[in-house]
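Report on the following structure.
Sequence positions, counted from 1, serve as the residue numbers for this chain. Every heavy atom of this structure was used, including side-chain atoms; hydrogens, water molecules and symmetry mates were not.
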Amino acid sequence: MMVRIEIPEDQKRPEIVREALRGRVPRFPPSLALDVVPELDVPERERREILREALREAALEPHVRVAAIHTLGKLAPEDAVSDLVELLRGPEGEDEELARAAVSVLGRLGGRDQLEQVEQAKLSAKSELSKRRAAFAEALIVHRNRLSDREVELPQVEEQPEPEPTGALAFIS
């Protein structure tokens with residue numbers, strides 16, 4: 001079930017969205033504030049700055065900061081690359097979830113110049129999931145940019161059992 005929350009137009013202002021991202025606006029959760037950022041009637045650089053503030057806001061829930069990474073990648077793909085590299089180099093890069101999201105977006109947007117950062121993220125990854133994401137991001141960059149001088153090693157594919165046919169499931173009411 002999906003719930004749609006309508007935000008009154010008078011609250012779709014940068015100063016209110018910034019406060020909502022900090023959790024200071026009743027009935028305007030930070031995750032919803034992120035969804036409103038692309039709709040703001042402000043210059044592109046201000047929208048980008050709002051998203052950068054969300055990335056740096058340590059008090060925000062990790063899933064909101066991860067959503068800010070993805071929104072930044074969609075809203076300003078040309079500028080997001082430098083922001084994500086900066087995030088990975090800074091203290092935020094120590095957060096495994098943020099680093100994983102940043103590397104994933106870099107895989108979609110980055111070029112040869114970002115390969116070193118993605119490789120570093122792969123080497124410093126603590127979890128197997130983060131290592132796999134970084135390896136995949138590296139492969140995306142290499143193949144999308146046709147970097148024939150680079151060899152990438154993709155992780156082994158895990159085979160999953162075939163799902164049970166839905167007709168075989170018991171109906172319980």
Whether the side chain of [X] engages the backbone of [Y] through a donor-acceptor N/O pair (distance < 3.5 Å, no angle test) should be reported.
| X | Y | answer |
| --- | --- | --- |
| Arg47 | Leu40 | yes |
| Glu96 | Lys126 | yes |
| Asn145 | Gly110 | yes |

Grab the two heavy atoms, one from Phe28 and one from Ala20, that are nearest each other, plus how far apart they are.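 Heavy atoms of Phe28 and Ala20 come nearest at O-CB, 3.5 Å.
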Over all atoms of both residues, closest heavy-atom pair of Leu34 and Thr71: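 Here Leu34 and Thr71 meet closest at O-CG2, 4.3 Å.
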Measure the shortest side-chain to side-chain distance between Leu75 and Glu44 over non-hydrogen atoms and say whether it is less than 4.5 angstrom.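 When only atoms from C-beta onward are counted, Glu44 and Leu75 do touch, with a gap below 4.5 Å.
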Could you work out, with side-chain contact (heavy atoms from CB on, under 4.5 Å) as the rule, every residue matching Pro77, not counting sequence neighbours?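 For Pro77, the residues satisfying side-chain contact (heavy atoms from CB on, under 4.5 Å) (neighbours in sequence not counted) are Leu109.
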In sequence, state the C-alpha distance, the side-chain angles, and the governing distance for Leu88 and Leu106, and then conclude on side-chain contact (heavy atoms from CB on, under 4.5 Å). CA-CA 10 Å; Leu88 287 170; Leu106 274 179; 3.6 Å; yes
I would like to know whether Glu46 and Arg18 meet salt bridge (Lys or Arg N to Asp or Glu O under 4.0 Å); could you show each step before the answer? CA-CA 11 Å; Glu46 188 171 351; Arg18 280 185 163 99; 3.5 Å; yes
Lys131, Arg112, Arg133, Lys122 screened by salt bridge (Lys or Arg N to Asp or Glu O under 4.0 Å) with Glu138, the one that passes: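 Among Lys131, Arg112, Arg133, Lys122, the one that satisfies the salt bridge (Lys or Arg N to Asp or Glu O under 4.0 Å) with Glu138 is Lys122.
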Per the salt bridge (Lys or Arg N to Asp or Glu O under 4.0 Å) rule, which among Glu15, Glu61, Glu53 passes with Arg22?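 The salt bridge (Lys or Arg N to Asp or Glu O under 4.0 Å) with Arg22 is passed solely by Glu53 among Glu15, Glu61, Glu53.
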Answer yes or no: is there an ion pair linking Arg89 with Glu86, defined by an N-O contact shorter than 4.0 Å?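 Salt bridge: no.
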Kindly determine whether Leu87 and Ile69 satisfy side-chain contact (heavy atoms from CB on, under 4.5 Å), including the steps that lead there. CA-CA 10 Å; Leu87 179 138; Ile69 289 171; 4.3 Å; yes
Show your working on side-chain contact (heavy atoms from CB on, under 4.5 Å) between Val66 and Arg100 and close with a plain yes or no. CA-CA 9 Å; Val66 165; Arg100 193 167 41 239; over 6 Å; no
